[in-house]
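Structure first, commentary second.
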Amino acid sequence: MRVLPTDLVSTSRRESWPLIRLALPICGAQLAQAGMSVVDIMMTGRHSATDLAAVSVGASLWMPLMLFMTGTLMGLTPIVAHLLGGGRRQQIRPNVHQALWIGVAMGIIAALVLWFCVEPVFRWMEVPEAVAQQAQAYVGAVAFGMPGVAIFLSLRAFSDGVNHTRPALWISLVGLAVNIPSNFLLINGGAAVEALLGPATPGFIADIPALGAWGCGIATALAMWVMSVAMVIYTQRSRAYGDIELWHSPSPPKLSVIRELLFVGVPIGVAIFVEVTLFTVIALFIASLGEIVVSAHQVALNYTSVLFMLPLSLGMALTVRVGNTLGSGDARLARLVAWNGILIAFAVAILNSIVLWLTADTVIALYTHNPEVQALTLSLIGLAMLYQVSDSLQVAMAGALRGYKDTRVIMLITLLAYWLVGLGGGHLLGEYGLGPWLAPMGVHGYWLGLVGGLTVAAVLLGERLRRRSRRMIIKAQQGAA
């Protein structure tokens, strides 16, 4: 029952490149989608401080909703991967149709929440009136794009499940290409375009008023729908999917299939939501420590989040590879594929730590010229180097477990590790210390809490993966007997 070194070496030679080839387009797509947020912040920041604050506050409401949808619809990926690995291609189309029903329903519900629930939230948060009005207009515009992005996410989960991850990259780049000029036009108005292009500017464009944060929301919704339509057209016309034809004989909603998709997907959505809200709550806790601390925290978090995209993408690709292998009925090989992917994630973590060590000073200087912020950020980057290994390992192990369709335990481990250990331990160290032995550590305490939480998650997920893979091998052997 042990994983023999020779078996792992053989699997590594055979599986490493297919895994990396799956992961790189996913990573590119994640970066392109993150680029949209960067463009929103940069362009609204140049327009006015009020618009920047409105977009920042508004994004803190709609982004968690979208990420919850993303996680929930990711439940389709291991299901499709199992069906593909088992040669049951004819069952993929009805599962995709049910995921689309779920996605559209979630998109409409998210839009309704954003239209009707943000005003009381802004009042509760005591957002200044001018910012709240702009943020409400921004969020209301983004809400129109939520059903569109849900369709895109459903089809992306299908495409990833059949080992075809490149469309997500190219279509995310299309979305970014739409987002940039739309933002510029709608935020700043046609006059800004006329100043840039001169007399060549069409009259109807020159007459568009500057809409600020509202225009940013419209541009975001437009990019979402463009990505959705592009993904529909691609899945309809591309030959990459072979004999899997999605767009004929639409399947009506089927409760049994929807139940399985939600059973696998909702825990993923909850786990992602918990992770996102963890960082939001930490940001709220440290807000009282002053602008230097808040700025350093945001710079360090933003920089390390970019490097985290590759381990995250490896975890998503590992879901597909493990699911394919389990679908073919080879539980022993699935375990080898999983641990090979985890070894690759470990190597990426070491590489990320080296990159942080070599580039921290230069990159931090690009974010800020304030020497106090630079010094504090550098100390936080040092702590980030500590959790690169545990963070990369835990996201790879979670990806492998999703390949086993084992998502509820991931959710429970995430709740325990992130909130109890990460947030609870971080708040204890940051605000209170350890009595006479350790003074309150401020923001460093919160980051040490993150190190502890991610380490606990990696240990627990590793043990869960060991037990789950072993159980699947025993079950396969008993079935063969």
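Reckoned from all heavy atoms, side chains included, excluding hydrogens, waters and symmetry mates.
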Donor-acceptor under 3.5 Å ([X] side chain, [Y] main chain):
X	Y	answer
N324	A81	yes
T72	F68	yes
Q98	P252	yes
S313	C27	yes
T325	R321	yes
T77	A157	yes
S238	T235	no

Should the heavy atoms of other residues, nucleotides or ligands under 6.0 Å from [atom1] of [X] be counted, would the total exceed 12?
X	atom1	answer
R88	CZ	yes
W214	CH2	no
R166	CZ	no

Test item: [X] and [Y] side chains (from C-beta on) under 4.5 Å apart, heavy atoms:
X	Y	result
L401	V409	no
L255	R259	yes
I109	M146	no
K254	W101	no
H82	L326	yes
I342	L465	yes
I410	R402	yes
V264	L76	no

Residues two or more places apart in sequence or in another chain: which of them pass ring pair (Phe, Tyr, Trp, His ring centres under 6.0 Å) with F144?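 Only W115 meet the ring pair (Phe, Tyr, Trp, His ring centres under 6.0 Å) criterion with F144.
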Taking atom [atom1] of [X] and atom [atom2] of [Y], what is their separation to the nearest 0.5 Å?
X	Y	atom1	atom2	result
M66	M106	CE	CE	11.5 Å
L351	L310	CG	CG	8.0 Å
N340	L343	CG	CG	6.5 Å
N179	S172	CG	OG	11.5 Å
W339	R466	CH2	CZ	9.0 Å
L386	T455	CG	OG1	8.5 Å

Might you work through the side chain to side chain contact (heavy atoms under 4.5 Å, CB included) test for L356 and Y303, ending with a clear yes or no? CA-CA 9 Å; L356 285 172; Y303 179 33; 3.5 Å; yes
For side chain to side chain contact (heavy atoms under 4.5 Å, CB included), just list the numbers for M69 and F273, CA-CA rounded to whole Å, side-chain angles, deciding distance to a tenth of an Å, and then say yes or no. CA-CA 9 Å; M69 286 198 307; F273 183 83; over 6 Å; no
What pair of heavy atoms forms the shortest contact from [X] to [Y], and how long is it?
X	Y	value
C216	Y138	SG-CE1, 3.9 Å
I26	A317	CD1-N, 4.1 Å
L318	G341	CD1-CA, 3.9 Å
P147	W225	CB-CZ2, 4.1 Å
R468	Y404	NH2-O, 3.5 Å
L380	A300	CB-CB, 3.9 Å

Evaluate side chain to side chain contact (heavy atoms under 4.5 Å, CB included) for L383 paired with H444, printing each intermediate quantity in order. CA-CA 8 Å; L383 291 175; H444 294 97; 4.0 Å; yes
Verdict with reasoning, L246 to L155, per side chain to side chain contact (heavy atoms under 4.5 Å, CB included): CA-CA 10 Å; L246 297 182; L155 295 176; 4.1 Å; yes
For the side-chain contact (heavy atoms from CB on, under 4.5 Å) test, which of T319, V320, L314 pairs with L22?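 So the option named by the test is V320.
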Full working for side-chain hydrogen bond (donor to acceptor under 3.5 Å, both in side chains) between Y387 and W447: CA-CA 9 Å; Y387 73 63; W447 278 66; over 6 Å; no
Which pairs count as ring pair (Phe, Tyr, Trp, His ring centres under 6.0 Å) when at least one residue sits in residues 155-179, sequence neighbours excluded?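 Every pair satisfying ring pair (Phe, Tyr, Trp, His ring centres under 6.0 Å) with a residue in residues 155-179: F158-Y241, H164-Y234, H164-Y241.
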